[in-house]
Amino acid sequence: MKRFSFSSLMLVLGLLFIYLPMLILVIYSFNASKLVTVWGGWSIKWYVGLLDNTQLMGSVVRSLEIACYTAVAAVILGTLAAFVLTRITHFKGRTLFGGLVTAPLVMPEVITGLSLLLLFVAMAQMIGWPQERGIITIWIAHTTFCAAYVAVVVSARLRELDLSIEEAAMDLGARPWKVFFLITIPMIAPSLGAGGMMSFALSLDDLVLASFVSGPGSTTLPMEVFSAVRLGVKPEINAVASLILLAVSLMTFLVWYFSRRAEEHRKRAIQQAIDESAADSWKQPDIRRAPAPASV
């Protein structure tokens with residue numbers, strides 16, 4: 001009988017610590033009682049009531065919109081920064097540039113949010129933009145924060161690539177931009193996807209930066225939840241959180257499923273190429289060396 005080791009016990013306890021509160025939240029989202037801590041039977045009225053709660057649903061749509069914009073912008077800026085740090089090894093100010101790229105990783109969000117708030121206020125006084133803080137300012141703040149994570153992830157992948165493939169393509173006449181889009185980008189696509197998903201999650205979860213750079217009419221979901229929790233947790237919040245968990249789980253499953261299919265297709269293609277190569281080698285005629293003519 002296999003012994004239940006200490007490491008297995010710690011793994012089970014860690015998974016329970018992470019996922020058990022989520023399971024309890026999903027169960028209580030179907031609670032019929034208005035009191036979150038008192039079970040009143042099964043009901044879906046809080047999910048139906050979300051359709052009438054325009055303020056909460058508006059914050060959900062707004063947060064998803066900002067998260068999508070942030071993911072796209074952070075992947076673009078982070079990839080360019082990573083490419084500069086890994087491929088352009090010698091230029092003046094490289095150390096300073098690397099420090100500026102990774103600074104948001106170690107900078108407290110309160111300092112970053114206050115700095116961006118002062119920047120936007122100064123820009124509004126000097127050039128008249130932004131006239132008011134809203135979705136644009138939140139998007140800029142989230143992009144500056146998430147681009148650092150993308151740069152770190154993509155840099156690690158770029159350092160592992162075999163440069164001989166890109167050099168061979170350029171030797172055959174491909175221009176650098178064509179090599180970048182047709183060879184480099186496909187090879188770092190998993191890192192780009194990971195960075196995009198991380199940026200989406202960080203933007204959707206952010207509260208501190210959005211609190212500093214947001215204005216009237218631009219309340220995000222974390223801000224709405226935080227303000228509601230201060231007065232007491234409402235059942236609608238459990239329903240919204242359950243829907244977000246469902247959406248994230250489905251997205252994660254789809255990414256895993258298509259990645260698995262792509263990996264299986266790649267393995268089948270490699271095996272098929274090996275089989276065809278072996279078959280061609282068997283079909284070739286056996287050429288024997290002709291005997292040397294006898295000397296007269």
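- In this structure, the ring-ring contact (aromatic ring centres under 6.0 Å, His included) partners of Tyr28, at least two apart in sequence or on a different chain, are Trp39.
- Donor-acceptor pairing under 3.5 Å is recorded for the side chains of Asp162 and Ser164.
- At distances below 3.5 Å, not a single donor-acceptor pair connects side-chain atoms of Ser203 with backbone N or O atoms of Ser199.
- Other cluster members for Phe253: Leu254, Trp256, Tyr257, Phe258, joined by side-chain heavy-atom distances under 4.5 Å among Ile, Leu, Val, Met, Phe, Trp and Tyr.
- Looking at Glu65 and Arg62, no side-chain N of the basic residue comes within less than 4.0 Å of a carboxylate O on the acidic one, giving no salt bridge.
- Of the possible polar contacts, none joining the Arg159 side chain to the Val154 backbone as a donor-acceptor pair under 3.5 Å is found.
- Put simply, the side chain of Leu51 does not reach to within 4.5 Å of the side chain of Met57, judged on heavy atoms.
- Residues forming a side chain to side chain donor-acceptor pair (under 3.5 Å) with Trp46 (at least two apart in sequence, or on another chain): none.
- A donor-acceptor pair under 3.5 Å is absent between the side-chain atoms of Ser218 and the main chain of Ser214, judged by distance alone.
- The side-chain heavy atoms of Leu158 and Thr184, taken from C-beta on, include a pair separated by under 4.5 Å.
- Between the side chains of Tyr47 and Ser29, at least one donor N or O sits under 3.5 Å from an acceptor N or O.
- At a threshold of 4.0 Å, the pair Glu236-Lys45 does not count as salt-bridged, since none of the basic side-chain nitrogens sits closer than that to a carboxylate oxygen.
- A donor atom on one side chain and an acceptor atom on the other are found under 3.5 Å apart for Ser8 and Ser5.
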**Request:** Please step through salt bridge (Lys or Arg N to Asp or Glu O under 4.0 Å) for the pair Arg157 and Glu160, ending with a clear verdict.
**Result:** CA-CA 5 Å; Arg157 177 57 179 165; Glu160 297 176 355; 3.8 Å; yes
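- Between Met223 and Ser211 there is a side-chain heavy-atom pair separated by less than 4.5 Å.
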